[in-house]
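Report on the structure given below.
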Number of protein chains: 2
Amino acid sequence: MKIIQPTGSCKSCTLKSLLFTKMTDKELEYLNGFRKEILFEKGESIIKEGTPINEFLYLKKGLVKLYKFGASQRERIISIARPRDFVSLISTFSSTKYQYSITALEESLVCSLQLESMKTVIRNNGGFALELIQHISRSSNNVIQSTFEIDDKHLRGRIAYILLWFSKKIYHNNIFTLPISRKEMGELINMTTENVIRILSEFRKDGLIKIDGKVIGVLNQDLLEKISKSG
Amino acid sequence: MKIIQPTGSCKSCTLKSLLFTKMTDKELEYLNGFRKEILFEKGESIIKEGTPINEFLYLKKGLVKLYKFGASQRERIISIARPRDFVSLISTFSSTKYQYSITALEESLVCSLQLESMKTVIRNNGGFALELIQHISRSSNNVIQSTFEIDDKHLRGRIAYILLWFSKKIYHNNIFTLPISRKEMGELINMTTENVIRILSEFRKDGLIKIDGKVIGVLNQDLLEKISKSG
DNA sequence: CGCGGCTTTGATGTTCATCAAGTAAAGTGG
DNA sequence: CCACTTTACTTGATGAACATCAAAGCCGCG
């Protein structure tokens, strides 16, 4: 973790389009006054469940996992998120403490604004508030939808689903490097590590995919889609 | 379903405290201009998945279920909600069409405002917008949390959990009338109808609960709590 | 009064978690 | 840099939890 002296102000930020199009230059300057940028290495913890929320965190670059410790000791991954669907927002306005933990899966750049100043901007700029509402709703909705979708499938369907998700939604490539371990895959799609491995092997033997450690190649996307849908 | 000629304006609404404390009288009058109140009988459909969203719906009285048709034919109940945690909000701002269906479980009174005028108010009143953000976040958060919590438990734990939830959170009474069928209970806590019935019977035989059709009496709350927690 | 949906119980089957045991890989300290 | 330890990965065998199937009674409703 490395705190970076912010270069330039929010006003000139090329990434503000992700969320901040409705803000005035004056507001951007105001937020910029309390701004920090923090760089997290792969594997570093960004947020710990139970910590008080004093910042409005915003993911500018990278890939993170949002997870929670279940009663049964086991971690459950709620979501894997990129900048556009940064999910810390769900906690930020619903509680005084973070409900989830967040860890960087790849090198990630987080922009940290002061929560109170953010609230001030919201109060003064309804147009921005409306955008934020839509943003939060979409993120929540995605989490809810995908959770139910995954739970509805058999194990083979879950593996197919998540492989296609990485391939199509995250890496836009038939060949990609899994950013998570087999164990974490299990925590994400609700199955044991052993079964993740077993079914990956089956898919390999059936010629659906190619495996080299964390590098996965999708060989038969059509059939994977079918398996993903058939439950 | 019965459309009621609204009596009085939003301004004098005794229930506005649920959400609208941050609105000015002028804004309330404005919204009131396009207001409808609709009364739904038990069992009537309030929202159908896929319908375009043109209103901002708000539950004033009653109990509803929010659900979705899974790929596997079976319905899944996402949430059962009362006025304070009305969940239509999740869809309202994340899409142009409703993502879920909503049906009344008890006689329910819904206030229907024009979505566009609501957006106008949000844009002009950031204070209200901030409240709405918090409201939506809390609702989403509850759905997400409880979904993962329930999935983490064994079948007996799920039944115990949901019985206690009805008893403590909804009806505030050891004896209550289930507002849903056994089948719907299964759809809510993700198990088959048969197993819902089986485990309810077990609990009855073990003296944990008393059953008379849809009327449930909790006899041993402590033990139920333990079963709910132990997975 | 008969039909369809809800409820109930029992018997059967299958999916999946758990347990066990071994190999490979990756981090840790002297 | 190498011994050491830990964590990740892999495969097979076993068992338990749960879904599915089947059959019958019940209730509400047209």
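Per chain, numbering begins at 1; letters A, B, ... match sequence-line order.
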Calculate the interatomic distance between [X] atom [atom1] and [N] atom [atom2]; express it in whole Å.
X: B:E202; N: D:dC18; atom1: CD; atom2: C1'; value: 12 Å
X: A:N190; N: D:dA17; atom1: CG; atom2: C1'; value: 14 Å
X: B:L200; N: C:dT8; atom1: CG; atom2: P; value: 8 Å
X: B:N195; N: C:dT12; atom1: CG; atom2: C1'; value: 14 Å
X: A:M191; N: C:dT15; atom1: CE; atom2: P; value: 14 Å
X: B:K42; N: D:dC29; atom1: NZ; atom2: C1'; value: 16 Å
X: A:E75; N: D:dT7; atom1: CD; atom2: P; value: 13 Å
X: B:M185; N: C:dT7; atom1: CE; atom2: P; value: 10 Å

The answer to which of B:R198 and B:K183 contacts DNA chain C further toward the 5' end, by nearest nucleotide, is B:K183
Sugar-phosphate, base or nothing in reach of B:T193, heavy atoms under 4.0 Å:
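Here B:T193 touches no strand at all.
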Suppose the criterion is ring pair (Phe, Tyr, Trp, His ring centres under 6.0 Å): which pairs have a residue in residues 175-225 of chain A, not counting sequence neighbours?
A:Y171-A:F176
Stepwise side chain to side chain contact (heavy atoms under 4.5 Å, CB included) check, A:I133 with A:I136
CA-CA 5 Å; A:I133 287 174; A:I136 292 176; over 6 Å; no
Does [X] get its side chain close enough to the base of [N], under 3.5 Å, for a donor-acceptor pair?
X: B:E194; N: D:dC21; value: yes
X: A:R204; N: D:dT10; value: no
X: B:E184; N: C:dC6; value: no

When you measure from the side chain of B:H135 to the backbone N and O of B:R84, does any donor-acceptor pair fall under 3.5 Å?
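Between the backbone of B:R84 and the side chain of B:H135 there is a qualifying donor-acceptor contact (under 3.5 Å).
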d(B:S137 OG, A:L132 CG) to nearest 0.5 Å is 8.0 Å
Once rounded to the nearest 0.5 Å, what's the spacing between atom CD1 of B:I159 and atom NZ of B:K153?
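If we round to the nearest 0.5 Å, B:I159:CD1 and B:K153:NZ are 12.5 Å apart.
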To the side chain of A:I197, which of C:dT9, D:dT10, C:dT7 is closest?
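Side chain of A:I197 sits closest to D:dT10.
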From the options C:dC6, C:dA17, C:dT8, select the nucleotide whose nearest atom is closest to the side chain of B:R182.
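Of C:dC6, C:dA17, C:dT8, C:dT8 is nearest to the side chain of B:R182.
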Establish, with yes or no, whether the OP1 or OP2 oxygen of D:dA19 is under 4.0 angstrom from a side-chain nitrogen or oxygen of B:T192.
yes
Within a strict 4.5 Å, meaning less than it, do heavy atoms of the B:V110 and B:F40 side chains meet?
yes
Does the salt bridge (Lys or Arg N to Asp or Glu O under 4.0 Å) test come out yes or no for B:R35 and B:E37, once each step is laid out?
CA-CA 7 Å; B:R35 188 164 75 96; B:E37 274 192 14; 2.8 Å; yes
Stepwise, does the salt bridge (Lys or Arg N to Asp or Glu O under 4.0 Å) test hold for A:K65 with A:E184?
CA-CA 10 Å; A:K65 68 167 175 176; A:E184 286 170 313; 2.7 Å; yes
Selection: residues 151-159 of chain A, any non-hydrogen atom under 4.0 Å of DNA chain C
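Output list: A:H154, A:L155.
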Could you list by number each residue of residues 207-219 of chain A showing a heavy-atom separation from DNA chain C of less than 4.0 Å, or answer none if no residue does?
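DNA chain C contact set from residues 207-219 of chain A: none.
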What I want to find out is whether A:K183 reaches A:E187 closely enough, with some N-O distance under 4.0 Å, to be called a salt bridge.
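Counted as a salt bridge, because a side-chain N and a carboxylate O are separated by less than 4.0 Å.
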I'd like to know whether B:K61 forms a salt bridge (Lys or Arg N to Asp or Glu O under 4.0 Å) with B:E106, so could you lay out the CA-CA distance, the side-chain angles of the two residues, the decisive distance to 0.1 Å, and finally the verdict.
CA-CA 9 Å; B:K61 202 166 76 70; B:E106 296 174 353; over 6 Å; no
